[in-house]
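Only one structure is covered here, and it is reproduced in the block below.
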Amino acid sequence: MRVSLANPSDSHRRREQGLMLLLMSPALLVVFVLLLIPLAWLFWQSFYGNGLTLEHYSRIWHDEIYWRTFALTFKISVIVTALTLLLGYPVAYVAAKLPRRSAIVVLMLVVLPFWTSVLVRTYAWLILLQRTGVVNSVLMSLGLTHSPITLANNQLGTVIAMVHILLPFMILPLYATMQKIPTDLMMAGSSLGGSPLHVFLRVFFPMSLSGVLAGTTLVFVLCLGFYITPELMGGGRTIMVSMVVARNVELYNQWGAASAVSVVLLLCVLAVFYIVSRIIPLDRILGK
């Protein structure tokens, strides 16, 4: 008669997993209380009126103002993402090529705006871009314009302020990817007769595409839910989805309509993450 003995390593593994779960339980409780319960309540509110209903989603589907709002939100998000990529890629490239101490200085300048709140930075841009602001005063003093240009309270001002605020979220993932690219590959390409531009386009740029995708995903998703800057810089003319949610609650007390719009926006964000995760792992996007 054989007696099966439990593997000591399996018992130790189960004990270790139980201990890890116990250590993680406070964090899981916080996530459950502060994230999952509000999301469940939001989802329920989107289907509730005077009972269970699809009225809130039907309004989004049939009301043209919602379609225009979502279209404008995606349009501004694409423009801001493209501009941050065009501005952030050279900065990240230079920082990756500089010596370590110089690169630290560049990165400090990049993250310096984080020390100031988004609200303060938005008001600063509002002051700079208004008709009597610094930018218009300089343009008129140089003779480039004869009258003030409308740079604030429109889409242009919104895009300018959002690009400035979200630029670090593009530079940091790009820099994290670029600094891992071996310099030996660039030297090998040059030794084989490639010009600097040719080596950059054929060697460096393709290897930095994971950082490009991570940065563009982060910036694009953040743009979709941006509220403070479009609200102040748009002057009531640039209505994004987050502003529709706020107004449904603050002005009309329509929690169901606001919840439905929020759920649709959340699904759009999840769809973006899913599509990108099919190309690169999600932990690369989150900077892990």
Side-chain angles (χ1 to χ4, degrees), residues 69-96 106-122 124-125 129 154-181 205-234 238-245 262 264-288:
T69 301
F70 272 95
L72 179 61
T73 300
F74 276 87
K75 172 187 172 183
I76 291 179
S77 299
V78 170
I79 293 174
V80 171
T81 302
L83 290 176
T84 53
L85 178 59
L86 291 175
L87 296 174
Y89 196 97
V91 176
Y93 179 80
V94 170
V106 173
L107 293 179
M108 287 180 61
L109 294 176
V110 169
V111 301
L112 188 62
F114 286 139
W115 297 356
T116 307
S117 70
V118 175
L119 182 62
V120 173
R121 282 180 277 167
T122 303
W125 275 111
L129 298 178
N154 53 20
Q155 291 187 30
L156 177 60
T158 302
V159 169
I160 292 174
M162 289 179 65
V163 167
H164 169 254
I165 293 171
L166 296 176
L167 190 57
F169 293 97
M170 178 65 73
I171 294 176
L172 295 178
L174 286 172
Y175 173 77
T177 300
M178 291 178 181
Q179 69 171 353
K180 297 177 183 178
I181 299 177
F205 182 72
M207 297 187 68
S208 67
L209 287 180
S210 61
V212 171
L213 193 56
T216 53
T217 303
L218 277 177
V219 173
F220 184 77
V221 168
L222 290 172
C223 286
L224 291 179
F226 229 55
Y227 173 71
I228 295 178
T229 302
E231 179 70 45
L232 295 177
M233 296 299 299
T238 304
I239 308 297
M240 297 182 68
V241 174
S242 57
M243 299 164 64
V244 172
V245 174
S262 301
V264 173
L265 182 61
L266 178 62
L267 292 177
C268 291
V269 172
L270 294 177
V272 171
F273 274 118
Y274 174 77
I275 294 171
V276 175
S277 67
R278 307 298 295 178
I279 304 174
I280 61 173
L282 191 60
D283 56 355
R284 295 285 297 275
I285 301 173
L286 300 177
K288 296 182 179 180

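Counting heavy atoms from C-beta outward, Leu85 and Val219 have side chains that stay 4.5 Å or more apart. Side-chain contact between Leu172 and Val111 is present, with heavy atoms from C-beta onward closer than 4.5 Å. The closest side-chain heavy-atom distance from Val264 to Phe70 is below 4.5 Å. Residues Phe226 and Ile165 form a side-chain contact, since some pair of their non-hydrogen atoms from C-beta on lies under 4.5 Å apart. When side chains are defined from C-beta on, Leu224 counts as touching Phe74, because their heavy atoms get closer than 4.5 Å. Val159 places a side-chain heavy atom less than 4.5 Å from the side chain of Ile76.
Between the CE atom of Met162 and the CD atom of Gln155 there is a distance of 11.0 Å, given to the nearest 0.5 Å. Here Leu232 contributes atom CG and Thr238 contributes atom OG1; the two are 11.5 Å apart, rounded to the nearest 0.5 Å. Rounding to the nearest 0.5 angstrom, the gap separating the CE atom in Met240 from the OG atom in Ser77 is 4.5 Å. For the atom pair CG of Leu166 and OG1 of Thr81, the computed distance is 8.0 Å after rounding to the nearest 0.5 Å. Going from atom CG of Leu209 over to atom CG of Leu174 covers 10.0 Å, rounded to the nearest 0.5 Å. Distance check, rounded to the nearest 0.5 Å: CG of Leu270 to CG of Leu265 gives 9.5 Å.
By the side-chain hydrogen bond (donor to acceptor under 3.5 Å, both in side chains) test, Thr229 is found to be paired with Thr122, residues two or more places apart in sequence or in another chain being considered.
You'll find the ring centres of Phe205 and Tyr93 outside the 6.0 Å limit.
Across Ala214 and Pro173, no two heavy atoms sit closer than the pair CB-CB, 4.3 Å. Looking at every heavy atom in both residues, Leu129 comes nearest to Met233 through CD1-CE, 3.8 Å. When all heavy atoms of Thr177 and Ser210 are compared, the pair lying nearest together is CG2-OG, 3.4 Å.
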Criterion side chain to side chain contact (heavy atoms under 4.5 Å, CB included) on Leu87 and Met170, from CA distance to verdict: CA-CA 9 Å; Leu87 296 174; Met170 178 65 73; over 6 Å; no
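Note: Phe169 and Phe114 have perpendicular aromatic rings, judged against thresholds of 30 and 60 degrees for the angle between ring planes.
No donor-acceptor distance shorter than 3.5 angstrom exists from the side chain of Ser208 to the backbone of Met178, with no hydrogens or angles considered.
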